[in-house]
There are 2 protein chains.
Amino acid sequence: MAVTLADVAARAGVSAATVSRVLSGNYPVAGATRSRVLRAVEELEYVVNGPASSLAAASSDLVGVLVNDIADPFFGIMASAVQSEMEPEKAGGKLAVVCNTGGSPQRELTYLTLLQRQRAAAVVLTGSAVEDPEHAEALSARLRRLAAAGTRVVLCGRPPLPEADGDGDDGGTGDGGKGIPGGGAPLTVAFDNRGGARRLTGHLLALGHRRIGYVAGPAERTTTRHRLEGHRAALADHGRDHGHDLLAEAARLTVHGAYDRSSGYDGTLELLRREPGLTAVLAANDTVALGVCAALREAGLSIPGDVSVAGFDDLPFSADASPALTTVRIPLHDAGARAGRLALGRESAPPGGVATVRTELMVRASTAAPRANRPVPQAG
Amino acid sequence: MAVTLADVAARAGVSAATVSRVLSGNYPVAGATRSRVLRAVEELEYVVNGPASSLAAASSDLVGVLVNDIADPFFGIMASAVQSEMEPEKAGGKLAVVCNTGGSPQRELTYLTLLQRQRAAAVVLTGSAVEDPEHAEALSARLRRLAAAGTRVVLCGRPPLPEADGDGDDGGTGDGGKGIPGGGAPLTVAFDNRGGARRLTGHLLALGHRRIGYVAGPAERTTTRHRLEGHRAALADHGRDHGHDLLAEAARLTVHGAYDRSSGYDGTLELLRREPGLTAVLAANDTVALGVCAALREAGLSIPGDVSVAGFDDLPFSADASPALTTVRIPLHDAGARAGRLALGRESAPPGGVATVRTELMVRASTAAPRANRPVPQAG
DNA sequence: CCTGGGATAGAAAGCGCTTTCTAAAGCGAG
DNA sequence: CTCGCTTTAGAAAGCGCTTTCTATCCCAGG
């Protein structure tokens, strides 16, 4: 039913081989022949049969992008950046397949199989990893095998895979995909979540805050752990410098939730119950921060007058919230673009296979020095 | 290098045909044989070669989803819903390919070719269409040909394609893809933008607003036109009932921009210049509304005290903006899910091939009755 | 005028799978 | 017991393309 190579060949009065060569363009074809073929292609409205060509050439132009939640701009921005690197104009029509894993390691594996089945040229995994050792192990093994088989594997916004064997102290192999053609080992574009969180908490401490609540993300995710570590590191710094141990309180002032608004809302209520005298609340990310703000306001507290609030990520809406949110900016677009280039092999692998992108503290209106006396809401 | 069907067959001591039958499951295979094959598949970690299977079966399990901007939650939500309908558990591992067209008709066509090349099983086009007759014509023809060739084509959030021929008054053929197997004609899930805008403007008029500015979207998009038509219809309704012609002013109080925050900001500045006495501003969508609010605040006007603001879409952040945004809710998730089911043929085509989803007016804090005397900002 | 080599194009062998078409059993009925 | 049917499995022919491997053709050099 569909027009095939043979049809074009017949029309142009050449062999199928010649048509193929004209279209792929990596073999000399005489000018006259070429234009005759091209005309036939035009006239017949011929469109290459992708599967057939992938089969014969043993390669495809699909690139998988795994995201936790495509409706979340955090992932949307990264996915968009990855895809912008393979615009038809730039990369000869690679197709990005965006897969919504919902953050489930199980689904992640399933999609990986699906992509492997399509013989995807590369796979980009975004979003934080789950720390469950069993899944982590299965995923690492899987990714490493995929990479070894020639599929480019890039992790974006999650920590590098643990070392495969016992050798090699700490990710310093230095041959991030040099040896084996087409990759060989998974590459990573990591975010400096620890440093960002540390600076953010440092900012709050510098303003004079001492009772800082933390509505953290899901306990089992690496991103959550890293941000929490940065937070505590800042607390520890402060204790060291001022002989005032804030770390002891940290656990009591931390609650965990999901990366959504209602977690921020519920978490804040819980924090207020535990410590009505809070002067600042840190949120797992900006979306959570919105929920934090809502809960605070309902409790009759003003921001930043009574309580300061800060988020993480700096999504587009963060600057528009009111008050504008103090947050840690993650250059999602740059990170995604870089991951995309790495996935296409258009950028050489970073040393050790790991590139870390900087995060930046964005101080805005939602944080200010704490007031001496502020109204204390009635406990729930 | 990779494990093939033949390897599995050899290991299981059966023919390749049998293995294929076990895996596709649409042919009887004796229980003992089946489990022997399954075990071999396990042991060899066999993964089907998608391209080969697509080639042989002349079908693929890719579904294309075209979006204007994947980083925008409006599209993210729809894409997510489409994809949720083809979870591996539900639809046997269909893969959604999300393509970012940036709203360019040119890129839309390019991606369509890419998808066609992959022999995609279906294509879902989201986002408003461009009204440029030339492109519209090219796109319609293309989609119709695709559909006729067996690819399911679903439009989501854009108006149905114009009738192909001169016959048929107004999209009432009633055989939305019944005749030809696998579709035949493009299907549509349309939004009631006109009705929504009409109700929204009605709400403002009922509150007592008479000088209503409109920061509309790009002039050439259908969505923009429909919302504008609804707006003007409400204005006309009012004139008819109260003998007070607001329509004459409408053009002067309308400015066009893109669907982004800065358009809202700039547009509002321009509107304020044209009519410092505005008491309400309607925005093309919620993102634009954020920019409108920012500009208003900078001009020293309070919301809704001095000026009411309303948006469109009801994205997740809209309820959290402050003040919470009055807006017209579009059930994006439902619409996307429906489009997904239509694309997979899991839901029968609606009468006439067009399903319209209802929009709902969400009245929140950003709109209120106008004040008798309000400060008038200095013109820029 | 002959010959070696570069440029160009065709023939044909797959790529790994699906799917007829065909064959071999296994079984109840006559 | 034999016949004819159902059930199950293998053989083999492609699906449409890429890519060697070859075969021309043409021209410069001898």
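In what follows, every chain begins at residue 1, and chains take the letters A, B, ... in the order their sequences are listed.
Checking Asp61(B) against Gln118(A) by side-chain atom types alone, a donor-acceptor pair falls below 3.5 Å. A donor and an acceptor atom, one from each side chain of Ser15(A) and Thr18(A), are located under 3.5 Å apart. For the residue pair Thr113(A)/Arg142(A), the side-chain donor-acceptor check at 3.5 Å is satisfied.
Near DNA chain C, defined here as any heavy-atom distance below 4.0 Å, the residues from residues 27-60 of chain A are Tyr27(A), Pro28(A), Val29(A), Ala30(A), Thr33(A), Leu55(A), Ala56(A), listed numerically. Only Ser15(A), Ala17(A), Thr18(A), Arg21(A), listed by number, bring a heavy atom of residues 15-26 of chain A to less than 4.0 angstrom from any atom of DNA chain C. For the segment residues 4-12 of chain B, no residue has any heavy atom less than 4.0 angstrom from an atom of DNA chain D.
Taking 4.0 Å as the cut-off between side-chain N and carboxylate O, Glu108(A) and Arg158(A) count as a salt-bridged pair. Ion pair Glu87(A)/Arg107(B) flagged as a salt bridge, since at least one NZ, NE, NH1 or NH2 atom sits closer than 4.0 Å to an Asp/Glu carboxylate oxygen. With salt bridges taken as basic N to acidic carboxylate O contacts below 4.0 Å, one links Arg145(B) and Glu45(A).
The one candidate from Val124(A), Val189(A), Leu143(A), Val354(A) that meets the side-chain contact (heavy atoms from CB on, under 4.5 Å) condition with Leu155(A) is Leu143(A). Each of Leu5(B), Val48(B), Asp7(B), Leu23(B) was evaluated against Val41(B); a single residue qualifies, Leu23(B), per the side-chain contact (heavy atoms from CB on, under 4.5 Å) test.
The shortest distance between side-chain heavy atoms of Arg117(B) and Asn49(A) does not fall below 4.5 Å.
The two residues Val130(B) and Gly103(B) come nearest to each other via the heavy atoms CG2-O, 4.1 Å.
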